[in-house]
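Note sheet for the following structure.
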Amino acid sequence: MIHMSQVKIPLEQILKEAPAELVKKGQIGKEEEMLVKKKTAKLLKMPLSEIESFQIRKKSIDARKKEQIQYIYRVSLTCSKEEKRVRQYGKNDARCVKEEKKQTVCFARPDSRKNLDRPRPVIAGFGPAGMFAALMLARAGYEPVVVERGMELQARQKAVDTFWQTGVLNPESNVQFGEGGAGTFSDGKLNTMVKDASGRNQYVLETFVEFGAPGEILYLQKPHIGTDCLKDVVKAIREEIISLGGTILFETRLENVIAENGRLTEVVLKQAGKTKKVPCDTLILATGHSARDTFGQLKNAGLVLQPKPFAVGVRIEHPQEMIGQNQYGAYYRNLPAADYKLTYQTEKKRGVYSFCMCPGGYVVNASSEENRLAVNGMSYYKRDGKNANSAIVVTVSPEDFGSQDVLAGLEFQRKLEQEAYRQGQGKIPVQLFGDYLENRVSTSLGDVMPAMKGNYTFGNVRKIFPKEIGDSLAEGIQAFEHKIKGYARKDAIVSGVESRTSSPIRIVRDESLQANIHGIYPCGEGAGYAGGITSAAMDGIRVAEQIIKNRGI
């Protein structure tokens, strides 16, 4: 098999031959595939008819020259005389390989669940990490029990809609807690910086497609599902787990863990106001980055926790049209909604960067605690909203928290969220960027109108932050003007506070992926081992593999 990574097709050529609606979605149709196939054959100096099998593995866009935009494809093919064709090509982006199918886990037969005298594995949390861990264990015959403090999707959606409309918060089921985790109400981005030597990344993408995600996530360089499609995928995975003997208990929370001689023996669960002890020797902690009360309980139970850096900042909104024109020039209407990634280091050596950029998306009230307010961003599958929004955040570390306590970062987040709540009087506080620079409350909007889920009002967003962080955000956004014209426009809308970029703690685990209390497996973003849907799902798979290895199939 031949792998090639630099097959380039000019956008103009694709626009002439491929259906416009597919180009707009980034989807590869038969016309585009044939263009790529013909170009590949030409590069290898071989007749098209000699290609036996052909697959486009990745598709990315090169828009550095807006008048000469092109797509770059990574492809695989088989043909006769493969080594000869690679030599003829003569460049190092093509090579002959032996195709090996990667297997992430060795599944048991449905009737062969081992250790029947042992308690079933328990998974706390049904976000991406817990969901994929549960799916892997269920497919391996272990019939896991999942406990999720929030509601199942339909009821959760109603609770979130009520909150956005009225401000009445359900602290147990909201944008952070419930089926699918925080990622359910997000853009559904699936790109990750985690290296994929194991094949877990590809397995995650293939699994999402298996359960209803759009097929283009398998080849797009920056795949996303969208919150509307993601909900159906999550529900389908839940049904698969249950069909394989798994149990999912919604509105049930992990209250405590009980150990003897350094090993887990029981978990304490709370459901409908009642607590009960459940025998347990295998617990996956996949509670997400916002399970603050759980972190405190785990600390008290004796688990070793460490503080870790994270980032805080604002959401900033611009017209999607402005971002598209900057990225793609005259072609912006023909292409998928443009995104961006920005980084900057301030004069005081603070890192400022964009995070979770949502093309054609919405800023959402993502609060999970009373009298505290946090924001996030989300997009639907079509990404057809009028605004682009992104978090612009500043790195903070334990030195910023004012305390050496392991949970000081958590309290730092809470302090910012309390001030955000105060500035917006319970609503999302918004401020024009020009007024942010002047440290004053806005009195009217400009040409940019907020695109938000949840009520908003004018407030002084800059006052949410300590001076150095607020100044760093101002400096960074102004610096981004040099990369995207109009980025620092005075009527760009900033809102706050973006405080849940990642977990403020890490639950220490050893080489066997267990905490200092054996039988407990910290997992995913909340435990400090992931950052986003895909990496969390990959960590869930990794932990499930380790449990299968430890318990035996």
Side-chain angles (χ1 to χ4, degrees), residues 1-19 22-23 25-104 190-206 208-209 214-224 327-328 331 334-336 339 341 534:
M1 174 169 284
I2 298 174
H3 283 187
M4 294 184 68
S5 61
Q6 292 291 309
V7 181
K8 301 177 181 180
I9 307 289
L11 176 61
E12 280 282 2
Q13 190 175 357
I14 294 173
L15 290 174
K16 288 178 181 177
E17 300 195 29
L22 295 186
V23 178
K25 295 177 181 177
Q27 296 175 346
I28 297 175
K30 60 182 180 180
E31 298 88 355
E32 185 176 350
E33 182 178 18
M34 182 54 67
L35 280 173
V36 180
K37 191 174 182 180
K38 287 179 178 178
K39 182 63 178 287
T40 303
K42 183 178 180 180
L43 290 171
L44 293 173
K45 302 175 183 178
M46 61 187 285
L48 182 65
S49 59
E50 191 175 311
I51 295 179
E52 298 168 357
S53 66
F54 185 80
Q55 181 183 6
I56 297 175
R57 292 181 175 268
K58 285 294 178 186
K59 173 183 177 180
S60 60
I61 191 166
D62 181 355
R64 288 172 293 179
K65 297 180 179 179
K66 295 176 180 56
E67 68 282 0
Q68 297 178 356
I69 295 176
Q70 58 186 350
Y71 274 109
I72 303 174
Y73 303 85
R74 179 159 60 87
V75 305
S76 297
L77 67 143
T78 58
C79 64
S80 60
K81 305 175 184 177
E82 291 179 354
E83 293 185 358
K84 175 183 176 182
R85 298 307 182 189
V86 170
R87 286 196 301 270
Q88 287 177 173
Y89 178 56
K91 296 182 181 180
N92 60 11
D93 67 283
R95 68 187 194 280
C96 292
V97 299
K98 290 183 179 180
E99 187 70 0
E100 296 179 359
K101 182 67 176 178
K102 294 177 180 177
Q103 181 91 16
T104 55
L190 301 177
N191 50 303
T192 177
M193 299 300 291
V194 177
K195 293 184 179 180
D196 189 32
S198 66
R200 297 187 190 105
N201 186 358
Q202 187 65 22
Y203 187 87
V204 169
L205 298 178
E206 290 172 356
F208 278 133
V209 172
E216 66 265 22
I217 68 172
L218 295 177
Y219 54 77
L220 290 181
Q221 185 70 18
K222 296 181 179 180
H224 90 111
Q327 303 295 73
Y328 300 143
Y331 293 107
N334 304 106
L335 294 168
D339 63 3
K341 184 176 182 180
T534 305

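FYI, the numbering just counts along the sequence from 1. Please read these numbers as outputs of a predicted model, since none were measured by experiment.
- Here the shortest heavy-atom pairing between Val209 and Pro214 reads CG2-O, 3.8 Å.
- The structure places NZ of Lys84 at 10.5 Å from SG of Cys79, a figure rounded to the nearest 0.5 Å.
- Under the salt bridge (Lys or Arg N to Asp or Glu O under 4.0 Å) criterion, Arg85 pairs with Glu50, not counting sequence neighbours.
- Of the possible donor and acceptor atoms, one in the side chain of Thr78 sits under 3.5 Å from a partner among the backbone N and O of Ser53.
- Rounding to the nearest 0.5 Å gives a distance of 11.0 Å between CD1 of Ile56 and CG of Leu220.
- Taking all atoms of both residues into account, the shortest heavy-atom contact from Gln6 to Tyr89 is O-OH, 4.4 Å.
- Taking CZ of Arg57 as the reference point, atom CG of Leu218 lies at 11.0 Å (rounded to 0.5 Å).
- Nearest heavy-atom pair, Gly26 versus Pro336, reported as atom, atom and distance to 0.1 Å: N-CG, 3.6 Å.
- When the shell of 6.0 Å around NZ of Lys42 is examined, it contains 12 or fewer heavy atoms from other residues, nucleotides or ligands.
- Under the side chain to side chain contact (heavy atoms under 4.5 Å, CB included) test applied with Ile2, the options Thr40, Val97, Val86 reduce to a single match, Val86.
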Check against side-chain contact (heavy atoms from CB on, under 4.5 Å), Tyr328 and Asn334: CA-CA 9 Å; Tyr328 300 143; Asn334 304 106; over 6 Å; no
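- Of the possible donor and acceptor atoms, one in the side chain of Lys39 sits under 3.5 Å from a partner among the backbone N and O of Lys8.
- The environment of NZ in Lys81 is sparse: at most 12 heavy-atom neighbours from other residues, nucleotides or ligands sit within 6.0 Å.
- Nearest approach of Glu33 to Ile28, heavy atoms of both residues: N-CG2, 3.9 Å.
- Tyr219 is not listed as a side-chain neighbour of Arg74, based on a closest heavy-atom distance of 4.5 Å or more.
- Ile61 contributes atom CD1, which lies 6.0 Å from atom CG of Leu11 (distance to the nearest 0.5 angstrom).
- Considering every non-hydrogen atom in both Thr534 and Leu190, the closest pair reads OG1-O, 2.7 Å.
- With sequence neighbours excluded, the residues forming a salt bridge (Lys or Arg N to Asp or Glu O under 4.0 Å) with Lys222 are Asp339, listed by chain and number.
- Taking CE of Met4 as the start and CG of Leu43 as the end, the distance is 4.5 Å to the nearest 0.5 Å.
- Remark: Tyr73 OH to Ser60 OG distance equals 9.0 Å, nearest 0.5 Å.
- For Glu32, the salt bridge (Lys or Arg N to Asp or Glu O under 4.0 Å) partners two or more places apart in sequence, or in a different chain, are Lys59.
- No donor-acceptor pair under 3.5 Å is formed between the side chain of Tyr71 and the backbone N or O of Ile14.
- Sparse packing is recorded around CD of Glu83, with 12 or fewer heavy atoms of other residues, nucleotides or ligands lying under 6.0 Å away.
- Scanning all heavy atoms of the two residues, the minimum distance from Glu31 to Ala18 falls at CB-CA, 4.1 Å.
- Counting heavy atoms from C-beta outward, Leu77 and Leu44 have side chains that approach closer than 4.5 Å.
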